[in-house]
Participant: 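Have a look at the structure that comes next, please.
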Number of protein chains: 2
Amino acid sequence: MSEHTGSRPHPPISRRSGQSLYLQIANDLRRRIAEGELRTGDPVPSEQALVERFGVSRGTVRQARAMLRADGSIGGSQGRTLAVQGVNLTQPVGGLITFSAWVRSLGMRPSGRLLRLSPEPVAAAEAEQVGVAPGSVVYRLERVRLADGEPLMVDRTVFPEAIGPMLVGIDLDSGSVYAELAAHGIAVASAGHRIDAIAAHCP
Amino acid sequence: MSEHTGSRPHPPISRRSGQSLYLQIANDLRRRIAEGELRTGDPVPSEQALVERFGVSRGTVRQARAMLRADGSIGGSQGRTLAVQGVNLTQPVGGLITFSAWVRSLGMRPSGRLLRLSPEPVAAAEAEQVGVAPGSVVYRLERVRLADGEPLMVDRTVFPEAIGPMLVGIDLDSGSVYAELAAHGIAVASAGHRIDAIAAHCP
DNA sequence: CAGTGGTCTAGACCACGTA
DNA sequence: ACGTGGTCTAGACCACTGA
């Protein structure tokens, strides 16, 4: 309903909101997918449709849709109408490595709150995963990660003892640990993620 | 050396090679990083420099550099000269979920060869990871993944028994298992990756 | 065939960081 | 003040898909 209602009612887009047009369009599409207005398999509005809908140029629309393609929200190929891939992963799986960059790319302000940073003997189950000898000491880092002040996730990271001293100099409340470590010449050689979704609030 | 040698010597770029200009530029940058000509921390050639170097428009250069930003090869922020992040991850960590799409985005042709697809009792160590009861049956999928015919990686995937029957109908040699499963209404709720690098050949 | 997306151009203005 | 990257426009041509 209301696909061509009068002059231009729908577009929740503003030219001087500080946020770029393509971000507003991308987030509008994301919202419509998240809210179920666009379901998996549904066709994504064509470039031409979005150009007219929001009154922007084609390049801007393409930039917006490119964001959704990058994280797998929509997909398809040349000639065909793009389709909604899935609501599943709003973020790329590997994006956890650079939470800060990911949140920033969504037009939000990343932050964090340190819950714990302590040296501990490694748990038996973790020893092999982290690649250290059973019984050795690891640093356990726990942070709440926020986007625009809204809690998004909790991440628990385990570092070998050798990394520990470098962590204390890092502003753990805001930055990307991996970016800082990279600046110290520490590269990620092996990565593992376990992702679970639990309700953070009851809607 | 040879930054302005005569007319236009350097550019290993062709306008009618079937490959898009931005891909050729992106791959040239990737090559220079991989070969050590550009090391971690080094400044990436500015947009203006690349525009003159390759004789293309700024938009094309931006599209090329956007690819390297997406996979974390280069990074930085507004106003500053972008810098090489690291040679480490040539691909985004989460990209494994869509190997096909990743290879295609690099301008290469993805393919695969099925090594094994068999139902087996789950190993004790895997039971918890996959989230099934110890002793139950899982499907073990092993494939060699190729880019332009070149072996790139081996992936081993373990699926719960319920998924098994859906796998037989999928062309495991070419497609993305996850894309097919998504078409059957199966979403990824939990993902884990372990990535190790071993020599596939001796250079 | 018309519609869609993919690529490329040439220009413009702005925001930021550094000198 | 200058160079950098970030955003946006308006147009063009091509490749592919589907009716």
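All figures in this text were calculated on a predicted structure; none of them were measured in a lab. To find a chain, count down the sequence lines: A is the first, B the second, and so on, and within it residues start at 1.
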Participant: Will you find, in the side chains of A:Gln85 and A:Thr40, an N or O donor that is under 3.5 Å from an N or O acceptor?
Facilitator: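 No donor-acceptor contact under 3.5 Å links the two side chains.
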Participant: In whole angstrom, give the distance that lies between atom CG of A:Leu68 and atom P of C:dG5.
Facilitator: 13 Å
Participant: Nucleotide by nucleotide, 5' to 3', does protein get under 4.0 Å of the base (B), only the sugar-phosphate (S), or neither (-) in nucleotides 14-19 of chain C, counting heavy atoms?
Facilitator: -BBS--
Participant: Using whole Å, what does the distance between atom P of nucleotide C:dG5 and atom CD of A:Gln63 come to?
Facilitator: 17 Å
Participant: Would you sort out whether B:Leu68 and B:Val84 count as a side-chain contact (heavy atoms from CB on, under 4.5 Å), showing the intermediate values?
Facilitator: CA-CA 9 Å; B:Leu68 301 214; B:Val84 175; over 6 Å; no
Participant: Just jot down the salt bridge (Lys or Arg N to Asp or Glu O under 4.0 Å) partners of B:Arg58, sequence neighbours excluded, or say none.
Facilitator: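 Partners of B:Arg58 by the salt bridge (Lys or Arg N to Asp or Glu O under 4.0 Å) criterion, ordered by chain and then number, come out as B:Glu47.
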Participant: Reckon B:Arg16 touches a base, only the sugar-phosphate, or nothing at all at heavy-atom distances under 4.0 Å?
Facilitator: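 The residue B:Arg16 makes no contact with any strand.
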Participant: Please compare B:Gln48 and A:Tyr22 by the position of their nearest nucleotide in DNA chain D and report the one closer to 5'.
Facilitator: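 On the 5' side of the pair lies B:Gln48.
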Participant: Within this structure, what is the CD-to-C1' distance between A:Gln24 and D:dG6, rounded to whole angstrom?
Facilitator: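 From A:Gln24 CD to D:dG6 C1': 15 Å.
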Participant: CE/A:Met67 to CG/A:Leu29 distance, rounded to the nearest 0.5 angstrom?
Facilitator: 11.0 Å
Participant: State the CG-CZ distance between A:Leu38 and A:Arg31, to the nearest 0.5 angstrom.
Facilitator: 9.5 Å
Participant: Is the phosphate of D:dT4, meaning OP1 or OP2, less than 4.0 Å from a side-chain N or O of B:Arg65?
Facilitator: no
Participant: How many whole angstroms separate atom CG of B:Leu50 from atom C1' of D:dG3?
Facilitator: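 Spelled out: CG on B:Leu50 to C1' on D:dG3 is 15 Å.
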Participant: How close or far is atom P of D:dT4 from atom CG of B:Leu82, stated in whole angstroms?
Facilitator: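 For the pair B:Leu82 CG and D:dT4 P, the rounded distance is 11 Å.
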Participant: Round to a whole Å and report the spacing from CG of A:Leu23 to P of D:dG6.
Facilitator: 13 Å
Participant: Mind checking the CD1-CZ spacing from A:Ile25 to A:Arg30? Nearest 0.5 Å is all I need.
Facilitator: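 The CD1 atom of A:Ile25 sits 12.0 Å away from the CZ atom of A:Arg30.
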Participant: Pairs under 3.5 angstrom, nitrogen or oxygen only, protein versus nucleotides 9-11 of chain C, please.
Facilitator:
residue	atom	partner	partner atom	Å
C:dT9	OP1	B:Arg15	NH2	2.2
C:dT9	OP2	B:Ser57	N	2.8
C:dT9	OP2	B:Ser57	OG	3.0
C:dT9	OP2	B:Thr60	OG1	2.7

Participant: Give a yes or no on whether a salt bridge exists between B:Asp42 and B:Arg39, defined as a side-chain N under 4.0 angstrom from a carboxylate O.
Facilitator: no
Participant: Check the distance between C:dT7's P and B:Arg62's CZ and give it to me in whole angstrom.
Facilitator: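 From B:Arg62 CZ to C:dT7 P: 16 Å.
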Participant: Round to the nearest Å and state the distance from B:Gln19 atom CD to D:dA15 atom C1'.
Facilitator: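 In whole Å, D:dA15 C1' and B:Gln19 CD are 16 Å from each other.
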Participant: Of all heavy-atom pairs between B:Gly41 and B:Ala83, which one has the smallest distance, and what is that distance?
Facilitator: O-CB, 4.0 Å
Participant: Once rounded to the nearest 0.5 Å, what's the spacing between atom CZ of A:Arg53 and atom OG of A:Ser46?
Facilitator: 12.0 Å
